[in-house]
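A single structure is presented below for examination.
Owing to the predicted nature of the structure, the values given are computational and were not obtained by experimental measurement. Naming: A, B, ... by sequence-line order, numbering from 1 per chain.
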2 protein chains.
Amino acid sequence: MARRTEGKSGCSVESALAVIGGRWKGVVLYWLSTRTLRFGELRRLLPNCTQRMLTLQLRELEQDGLVKRTVYAEVPPRVEYELTPFGRSLVPILLGLKEWGERYRRRLP
Amino acid sequence: MARRTEGKSGCSVESALAVIGGRWKGVVLYWLSTRTLRFGELRRLLPNCTQRMLTLQLRELEQDGLVKRTVYAEVPPRVEYELTPFGRSLVPILLGLKEWGERYRRRLP
DNA sequence: CCCAATGGTTCCTTTTTGGGTACTACCTAC
DNA sequence: GTAGGTAGTACCCAAAAAGGAACCATTGGG
């Protein structure tokens, strides 16, 4: 998605959705809210997301300051992703979305 | 957006975001959470959204059962949009998004 | 030497969204 | 008869997002 609101006109709901609205961002954020995860772990948690997409979404979340990426100089490489404090400020909303989605799953598309 | 999760695999966060993730849906829902609105009123509230887009977003919200559309057989035509009970169940989350967006507006894209 | 594991990147294609402009129907009021 | 207001549609095009497949670097192990 990476929809960018133009600052002035975009209301705050738009801004918020611009940040979490990517195809896989909500799920990524949700899983990262449970614990720090490696790239490969995230891949396994999102089997329908291609590696490329996962990378892109993580990069955007990183740029938006929601996720911190830590590379360990090891072989094979190890990269860990975790929520920043800013990212954690979003967790209540994510949980809200999750509960709502669960409660109304049967009527959702 | 109209992103459709395939049921089984899609987790509930995905499902929820699929419903509110359209370009203008968050804002439309937010305004409708304040009161019932006519088409023209929504247009004026979303000056950057074209008439066509507004129609499309409203149709999708209607199909997803979040918004109720009522046509009054008058001339000139009058069409009112309001949240269904299902749509209203989303309001707390929308308010959460709005607050979050406001609080962190300066660091958001 | 060859393979495996990890965490990517590149290139190309398809699908999905979004947007612009013009046009409509209907009745009222002038 | 003509203009105006409302709530749309139709058609076409551009941009963005998503997806698929293949490729890369590193190094430990056999």
Side-chain angles (χ1 to χ4, degrees), chain A residues 1-6 9-10 14 17-28 31-32 36-64 67-82 109, chain B residues 1-6 9-11 14-15 17-28 31-32 36-64 67-82 109:
Chain A
M1 175 173 273
R3 165 210 312 171
R4 296 297 171 223
T5 55
E6 317 89 74
S9 67
E14 278 186 87
L17 280 174
V19 168
I20 61 173
R23 177 72 183 84
W24 304 100
K25 287 185 188 173
V27 205
V28 168
W31 283 116
L32 289 179
T36 296
L37 288 165
R38 298 182 55 172
F39 185 81
E41 293 178 309
L42 278 169
R43 281 212 62 185
R44 285 183 284 278
L45 288 168
L46 284 76
N48 294 324
C49 177
T50 63
Q51 190 168 21
R52 198 187 82 97
M53 271 300 117
L54 183 54
T55 305
L56 287 178
Q57 302 284 288
L58 286 167
R59 289 291 184 282
E60 289 186 13
L61 290 171
E62 196 191 351
Q63 283 197 348
D64 288 339
V67 162
K68 175 160 159 253
R69 176 172 179 264
T70 312
V71 183
Y72 295 90
E74 300 174 357
V75 167
R78 181 160 63 101
V79 181
E80 286 190 348
Y81 292 91
E82 63 188 309
Chain B
M1 175 172 272
R3 163 211 313 170
R4 296 297 171 223
T5 56
E6 317 90 70
S9 67
C11 96
E14 276 185 88
S15 306
L17 280 173
V19 169
I20 60 173
R23 177 72 184 85
W24 304 100
K25 287 186 188 174
V27 206
V28 168
W31 283 116
L32 288 180
T36 296
L37 288 165
R38 299 183 54 173
F39 185 81
E41 293 177 311
L42 278 168
R43 282 210 62 184
R44 285 184 284 278
L45 289 168
L46 284 76
N48 294 324
C49 177
T50 63
Q51 191 169 21
R52 196 187 83 98
M53 272 300 118
L54 183 54
T55 304
L56 287 178
Q57 303 283 290
L58 285 168
R59 288 293 184 281
E60 289 186 12
L61 291 171
E62 196 191 352
Q63 282 198 347
D64 288 340
V67 162
K68 175 160 158 254
R69 177 172 178 264
T70 311
V71 183
Y72 294 90
E74 302 174 0
V75 167
R78 181 161 61 102
V79 180
E80 288 190 346
Y81 292 92
E82 63 187 311

Checking B:Leu54, B:Thr55, B:Val28 against B:Cys49 for side-chain contact (heavy atoms from CB on, under 4.5 Å), the one that qualifies is B:Leu54

Q. B:Pro76 has a side chain; which of D:dA18, C:dC26, D:dT6 sits nearest to it?
A.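 Out of D:dA18, C:dC26, D:dT6, the nucleotide with an atom closest to B:Pro76's side chain is D:dT6.
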
task = By nearest nucleotide on DNA chain D, pick out whichever of A:Pro77 and B:Gly40 is the more 5' one.
result =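 The residue whose closest nucleotide sits nearer the 5' end is B:Gly40.
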
*Has B:Arg44 got a side-chain N or O lying under 4.0 Å from the OP1 or OP2 atom of D:dA7?*
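Checking B:Arg44 against D:dA7: no side-chain N or O falls below 4.0 Å of OP1 or OP2.
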
ask   = Ignoring hydrogens and angles, are the base of D:dG20 and the side chain of A:Arg52 linked by a donor-acceptor pair under 3.5 Å?
value =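 Indeed there is one.
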
Whole-Å distance between C:dT16 P and A:Trp24 CH2?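 Value for this atom pair: 14 Å.
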
**Prompt:** Whole Å only: how far is the CZ atom of B:Arg59 from the C1' atom of D:dG8?
**Reply:**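 Result: 7 Å.
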
Q. Given side chains that start at C-beta, do those of A:Leu56 and A:Arg52 come closer than 4.5 Å, heavy atoms only?
A. yes

Find the distance A:Glu80:CD to C:dG8:P and express it as a whole number of Å.
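Going from A:Glu80 (CD) to C:dG8 (P), I get 12 Å.
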
From CE of B:Met53 across to P of C:dG20 the rounded distance in Å is 9 Å

Within the pair A:Tyr72 and D:dT26, is there a side-chain N or O less than 4.0 Å away from OP1 or OP2? no

Item checked: Short N-O contact, B:Glu80 and B:Arg38, less than 4.0 angstrom -> no

Testing D:dG8, C:dG7, D:dT6 for proximity to the side chain of B:Arg38, the answer is D:dT6

- For the residue pair B:Lys68 and B:Tyr81, establish whether any side-chain heavy-atom pair is separated by less than 4.5 Å. no

Separation of D:dT9 atom P from B:Leu54 atom CG, nearest Å, is 11 Å

**Report entry** Within-4.5 Å side-chain heavy-atom neighbours: B:Glu62 and B:Leu58
**Finding:**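 B:Glu62 does not reach B:Leu58 side chain to side chain.
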
B:Glu60 atom CD is separated from C:dG18 atom P, nearest whole Å, by 8 Å

Separation of atom CG in A:Leu56 from atom C1' in C:dC12, rounded to whole Å: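 Distance, rounded to whole Å: 15 Å.
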
*asked:* For C:dA22 and B:Gln51 - does any side-chain N or O of the residue sit under 4.0 Å from the phosphate oxygens OP1/OP2?
replied: no

Nucleotide nearest B:Val75 (side chain, heavy atoms from C-beta), chosen from C:dC27, D:dT26, D:dA18
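Closest nucleotide to the B:Val75 side chain: C:dC27.
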
Of all the nucleotides listed (D:dA7, C:dG19, C:dG8), which has the minimum atom distance to the side chain of A:Val79?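 For A:Val79, the side-chain atoms sit closest to C:dG8.
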
A:Arg23 side chain, from C-beta outward: closest of C:dG7, C:dC26, D:dG19: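 Among C:dG7, C:dC26, D:dG19, the one nearest the side chain of A:Arg23 is D:dG19.
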
note: B:Asn48, atom CG; C:dG19, atom P; distance rounded to Å ~ 9 Å

Side-chain contact check for B:Arg69: nearest option of D:dT6, C:dG8, D:dA7 is D:dA7

